[in-house]
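See below for the structure under consideration.
Just so it is clear, the model here is predicted, and its values are computed rather than measured. Numbering of ligands and ligand atoms starts at 1, following listing order. We number each residue from 1, following the sequence as shown.
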Amino acid sequence: MASGPSGSPGPARAGWTDIARMSFLGLLPTLAQGPVIRRPLAVRLAAALDTNAWGCRVLDGLRERHGPGPLLVTVPGRTVLVLLSADDARRVLAETDGSFTAANREKTAALSHFEPGGALITRGAARAARRRFNEAALGHGAAGPWFHEACRTAAREEALPLLTRDELTWKRFHGAYQRVVRRVVLGDTARADERITELRDKLRGDGNWFMLHRKRHRLRAELFDRTRRYLDLPEPGGLARAVRATPAAADVDPVAQTQHWFFAFDAAPIGAYLALGLLACHPEQEARARADETYLRACVLESQRLWPTTLGILRDTTTETRWPGGWSLPAGTAIVFPSSYFHRDARHIPYADRFEPEVWLDGRAEAEWSIAPFSRGPARCPGRDIVLLTSAAFLAELLRRDWHMASSLRLGPARPLPRTADHTSLRFTAGRRPDRP
Ligand code: HEM
């Protein structure tokens with residue numbers, strides 16, 4: 001329980017009606033959509049109702065009433081601190097691996113279905129070695145021109161068949177991007193290995209239920225064995241080659257780290273497909289994205305800001321932490337960074353509900369710690385550049401044709417962008433670009 005010196009008011013506390021509103025209007029729609037793997041029907045319903053806007057309104061109201069300090073929510077079995085200000089967000093993200101751990105209890109329960117031993121859900125001494133391994137393999141290991149070329153080739157070759165038809169649906173886009181993911185993570189020999197994707201997604205489905213779903217050890221063993229086969233090839237490709245080149249300390253299991261990459265990459269097609277939707281409705285930005293890959297990457301980042309695929313960033317306190325105002329929180333308190341609230345905080349961010357890729361090029365987005373689609377601080381995503389490279393290469397290929405929105409989702413500049421988007425129903429029709437034969 002949070003406490004302060006006598007006379008200090010302590011943190012603002014949510015009352016039961018606040019908790020009910022947060023649960024029904026914020027938490028429930030988020031959980032229903034699937035925190036680890038999306039449930040398409042729930043995504044469709046959430047977008048139709050724009051449930052993220054409900055959650056934002058609830059948090060706005062609480063901030064108006066209680067001020068910008070964090071809000072303490074106590075429910076049976078768990079105390080949760082909800083962050084409402086950029087300053088607190090910065091502190092929590094920056095002090096990760098110190099007073100706060102990214103291996104929060106609920107996150108660990110969800111991810112341990114398919115990546116036990118992953119850096120993100122490791123506490124204690126092994127955490128530093130596993131983070132180092134990830135940074136080395138995804139940073140230096142994958143920095144060579146061979147890897148960039150492999151990503152570009154995979155993206156180009158897999159996007160090509162999508163150009164031969166005049167209609168583009170999520171199913172076709174996702175299927176093609178999945179092949180890219182297998183090639184980039186496990187090498188070209190994994191291109192057609194749909195079983196490995198199926199295993200990953202079944203276990204992610206279990207992860208959606210956190211600790212409530214039993215562990216399926218046999219499926220996990222099959223997933224790990226199949227992954228190991230690609231890592232053990234005489235000449236592995238993609239990131240498997242970077243794994244081979246990266247020394248692993250005794251408590252680092254490279255297969256478990258690779259599992260996280262394979263899982264996390266599945267958010268990339270969602271962001272890329274929504275970016276294509278935004279570009280189809282913003283002709284000026286589309287023209288610029290066609291000509292400039294750096295700008296196209298900024299469009300992918302902007303899509304992740306507008307509809308963050310990591311719905312919230314979770315931390316647990318590792319020790320008693322003191323907060324401005326003189327109160328303290330005990331170790332083991334959960335902390336929530338509500339991404340879609342911070343990213344669309346219109347009181348703080350003038351471009352909250354607009355598509356403005358420029359903010360990723362002129363330093364405005366970087367300056368805001370409350371904008372963190374790839375997190376920030378010591379647990380920031382070490383795969384960010386790989387995602388941007390791959391998604392931009394894939395989209396660059398698709399942008400050889402003119403795509404027009406064929407579904408009802410309104411992503412144009414005429415009105416504020418919806419806070420919830422259903423990528424699964426997005427459809428495009430294509431025309432040929434006038435400057436191409
Ligand atoms: C659009 C795709 C992706 C998004 C939005 C994303 C986002 C994130 C976020 C928000 C975190 C931090 C979570 C936290 O602070 O609790 C994270 C961590 C991480 N991501 Fe990504 N990620 C993506 C793709 C990838 C890919 C493709 C890889 C690897 C190739 C990767 C590797 C990692 C790793 C290893 C961590 C854990 C870092 C640590 O434990 O310190 N991510 N990612």
When distances are taken from atom 40 (O) of ligand 1, the protein heavy atom at minimum range is Arg127 NH1, 2.6 Å
At a cut-off of 2.8 Å, protein N/O/S around atom 21 (Fe) of ligand 1 gives Cys381 SG
We want to know whether Tyr295 and Glu358 form a side-chain donor-acceptor pair, criterion being a heavy-atom distance below 3.5 angstrom. yes
In terms of heavy-atom contacts, Ile196 and Arg226 come closest through CD1-CB, 3.8 Å
Candidates Phe100, Trp261, Phe133; heavy atom nearest atom 29 (C) of ligand 1 found on Trp261
Taking atom types as modelled, is there a side-chain donor on Tyr341 or Asp60 under 3.5 Å from an acceptor on the other?
yes
**Prompt:** Would you say the side chains of Thr424 and Asp422 form a donor-acceptor pair under 3.5 Å?
**Reply:** yes
Here the ring-ring contact (aromatic ring centres under 6.0 Å, His included) pairs for residues 137-163, sequence neighbours left out, are none
Honestly, for Thr309 the part within reach of ligand 1 (heavy atoms, under 4.0 Å) is side chain
protein heavy-atom neighbour closest to atom 13 (C) of ligand 1 works out as Leu120 CD1, 4.0 Å
Within the 4.0 Å heavy-atom cut-off, what Gln304 brings close to ligand 1 is side chain
Exactly one candidate in His113, Arg216, Arg220 meets side chain to side chain donor-acceptor pair (under 3.5 Å) with Asp206; the answer is Arg216
Heavy-atom contact check, 4.0 Å cutoff: does Gln257 meet ligand 1?
no
Exercise. Establish, from distance only, whether the side-chain atoms of Thr309 and Trp307 form a donor-acceptor pair under 3.5 Å.
Key: no
for atom 35 (C) of ligand 1, nearest protein heavy atom and its distance come out as Asn134 OD1, 3.1 Å
Q.
So does Asn52 get a backbone contact from the side chain of Thr420, meaning a donor-acceptor N/O pair under 3.5 Å?
A. yes
Can you confirm whether the side chains of Ser407 and Arg427 place a donor and an acceptor under 3.5 Å from each other?
no
Those residues at least two apart in sequence (or on a different chain) that pass salt bridge (Lys or Arg N to Asp or Glu O under 4.0 Å) with Arg241 are none
Going by the 4.0 angstrom heavy-atom rule, the piece of Arg315 near ligand 1 is side chain
At under 4.0 Å between heavy atoms, what of Asn104 touches ligand 1? The answer is neither
So ring-ring contact (aromatic ring centres under 6.0 Å, His included) across residues 252-273, not counting sequence neighbours, yields Phe114-Phe263, Trp170-Tyr273, Phe173-Tyr273, His260-Phe263, Tyr273-Phe428
Looking only at protein heavy atoms, what sits closest to atom 16 (O) of ligand 1 is Lys107 NZ, 2.6 Å
heavy-atom search around atom 38 (C) of ligand 1 in the protein gives Arg131 NH1, 3.2 Å
So for Pro373 against ligand 1, with non-hydrogen atoms under 4.0 Å, the contacting part is backbone
Residue pair Arg419 / Ser340, side-chain donor-acceptor N/O under 3.5 Å: no
